[in-house]
Q: 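Take this structure first; my questions come after.
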Number of protein chains: 2
Amino acid sequence: MLIRTSADLGAVIRDRRKRLKLDQASLAKRIGVSRQWVIEVEHGHARAELGLVLRALDALDIRLDASTEQTKSRGSEKPAVDINAIVAKAKKSKT
Amino acid sequence: MLIRTSADLGAVIRDRRKRLKLDQASLAKRIGVSRQWVIEVEHGHARAELGLVLRALDALDIRLDASTEQTKSRGSEKPAVDINAIVAKAKKSKT
DNA sequence: CACTTATGTAGCCGAACGGCGACATTTTAT
DNA sequence: ATAAAATGTCGCCGTTCGGCTACATAAGTG
């Protein structure tokens, strides 16, 4: 699943937890956090600590992959040549 | 790339930033955080806020994928039947 | 119905976050 | 070598984290 927001993450975690037939308390113990933490994260708490979240994913055997392959381009992406640098140089050596 | 730790995340972010020829200040502005935040995260700050990290990945067009497909099994994984529940019930109706 | 379990909520607390400004250090370019 | 930019470090500060205890609802079972 594609992760965009903390809510996505929370959903993934909750689904996986249920699939593994774990209750929040057990999962919390596995991860080493409080039960409330699990609750908040499953609800999409955006300000949770990155490290704890990663531990949670590990405890649930969820793989996280980062890739730069993108389907939707959003304007200028990978300029084969760094136009900016060229322009900058051009500006400097004006005369 | 597989993300296990915050250091992995930091490396991915830094690589991608350089690949995009951005300096930390510009990236920070894109994400909406301070320049120091970028520094710390690139260094693997484990306690960074999840939401900000996700914003960073988005700003760099890095896709995050969560999957439960795993190569290395680590003990008991997907018990087809929930033995625990069964045992629990058995214990209860002991007589 | 009464009983157990799971989940969610509230307040208190120490600790750390992240922003800010200023400075030190490293790297890059001329 | 000189200048400029990029990167990293340091306090200060308001805000929030995450753990804790206790309580409040669901949700399921006899």
Side-chain angles (χ1 to χ4, degrees), chain A residues 5-7 9-60 81-95, chain B residues 5-7 9-60 81-95:
Chain A
T5 73
S6 47
L9 222 308
V12 168
I13 290 179
R14 162 156 285 186
D15 286 357
R16 180 67 173 158
R17 173 175 66 79
K18 293 206 164 177
R19 224 168 170 303
L20 255 38
K21 300 247 190 278
L22 288 172
D23 57 36
Q24 297 172 334
S26 321
L27 176 57
K29 208 158 107 186
R30 268 205 201 186
I31 306 174
V33 296
S34 69
R35 188 170 60 86
Q36 287 85 344
W37 185 89
V38 174
I39 295 176
E40 298 206 341
V41 168
E42 287 190 352
H43 283 217
H45 186 40
R47 314 193 59 168
E49 288 186 11
L50 174 61
L52 298 182
V53 172
L54 292 177
R55 290 232 302 268
L57 296 178
D58 187 61
L60 292 170
V81 284
D82 33 317
I83 301 166
N84 291 338
I86 296 175
V87 173
K89 281 204 174 184
K91 266 203 250 179
K92 278 197 171 179
S93 55
K94 185 165 28 191
T95 303
Chain B
T5 73
S6 48
L9 223 308
V12 169
I13 290 178
R14 161 156 286 184
D15 286 358
R16 181 67 173 158
R17 174 176 64 80
K18 293 205 164 176
R19 224 168 171 308
L20 256 39
K21 300 246 190 279
L22 287 172
D23 57 40
Q24 297 172 334
S26 320
L27 175 57
K29 207 158 111 186
R30 269 203 200 186
I31 306 173
V33 297
S34 68
R35 189 170 59 84
Q36 287 87 340
W37 185 90
V38 174
I39 295 175
E40 298 207 342
V41 168
E42 287 192 353
H43 284 219
H45 187 37
R47 316 191 59 166
E49 288 185 12
L50 174 62
L52 298 181
V53 172
L54 291 176
R55 290 232 303 268
L57 296 179
D58 187 62
L60 292 169
V81 285
D82 33 319
I83 301 167
N84 290 340
I86 296 174
V87 173
K89 282 205 174 185
K91 267 201 249 181
K92 278 195 172 179
S93 54
K94 183 164 31 190
T95 304

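The sequence lines fix the lettering, A, B, ..., with proteins before strands; numbering per chain opens at 1. Bear in mind the structure is a predicted one, so any value in this text is a computation, not a measurement.
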Q: Kindly say if A:His45 contacts the phosphate of D:dG18, meaning a side-chain N or O under 4.0 Å from OP1 or OP2.
A: yes
Q: Can you tell which of D:dT7, C:dG18, C:dT7 lies closest to the side chain of B:Arg17?
A: D:dT7
Q: Of all the heavy-atom pairs spanning B:Ala25 and B:Arg35, show the shortest one and how long it is.
A: CB-CD, 4.0 Å
Q: If I take atom CH2 in residue B:Trp37 and atom P in nucleotide D:dT9, what distance separates them, rounded to the nearest angstrom?
A: 17 Å
Q: Could you state the CZ-P distance from B:Arg35 to D:dT9, rounded to the nearest angstrom?
A: 11 Å
Q: Quick one: on DNA chain C, does B:Leu52 or A:Glu42 contact a more 5' nucleotide (nearest heavy atom)?
A: A:Glu42
Q: Please report the distance, rounded to the nearest Å, between NZ in B:Lys18 and C1' in D:dT7.
A: 9 Å
Q: Starting at NZ of B:Lys29 and ending at P of D:dA6, how long is that distance when rounded to a whole Å?
A: 12 Å
Q: Applying the salt bridge (Lys or Arg N to Asp or Glu O under 4.0 Å) test to B:Glu42, which of B:Arg16, B:Lys18, B:Arg14 qualifies?
A: B:Arg14
Q: Are OP1 or OP2 of C:dA6 and a side-chain N or O of A:Arg14 less than 4.0 angstrom apart?
A: no
Q: How close do A:Ile39 and A:Gln24 get, counting heavy atoms only, and between which atoms?
A: CG1-OE1, 3.3 Å
Q: Determine the contact category for B:Ala25: base if any of its heavy atoms lies under 4.0 Å from a base atom, sugar-phosphate if only primed atoms, P, OP1 or OP2 are that close, otherwise nothing.
A: nothing
Q: Look at the side chain of A:Arg47 and the base of C:dG18, then say whether one donor and one acceptor between them are separated by less than 3.5 Å.
A: no
Q: Could you tell me the separation between the NZ atom of B:Lys21 and the C1' atom of D:dA5, rounded to a whole number of Å?
A: 16 Å
Q: Rounded to whole Å, please give me the gap between CG in B:Asp23 and P in D:dA6.
A: 5 Å
Q: Regarding B:Glu49, tell me which of base, sugar-phosphate or nothing describes its non-hydrogen contacts under 4.0 Å with the strands shown.
A: sugar-phosphate
Q: Do you know the tightest heavy-atom contact between A:Ser6 and B:Leu54?
A: N-CD1, 3.4 Å
Q: Atom CZ of B:Arg55 and atom C1' of C:dC17: how far apart are they, to the nearest Å?
A: 14 Å
Q: Any donor-acceptor pair, under 3.5 Å, between the side chain of B:Gln36 and the base of C:dG21, if you only look at N and O atoms?
A: yes
Q: With a 3.5 Å cut-off and just heavy-atom distances, do the side chain of A:Gln24 and the base of C:dT5 make a donor-acceptor pair?
A: no
Q: Whole-Å distance between C:dT9 C1' and A:Ile39 CD1?
A: 8 Å
Q: Which atom names give the shortest non-hydrogen contact between A:Trp37 and A:Ile31, and what distance separates them?
A: CZ3-CD1, 4.2 Å
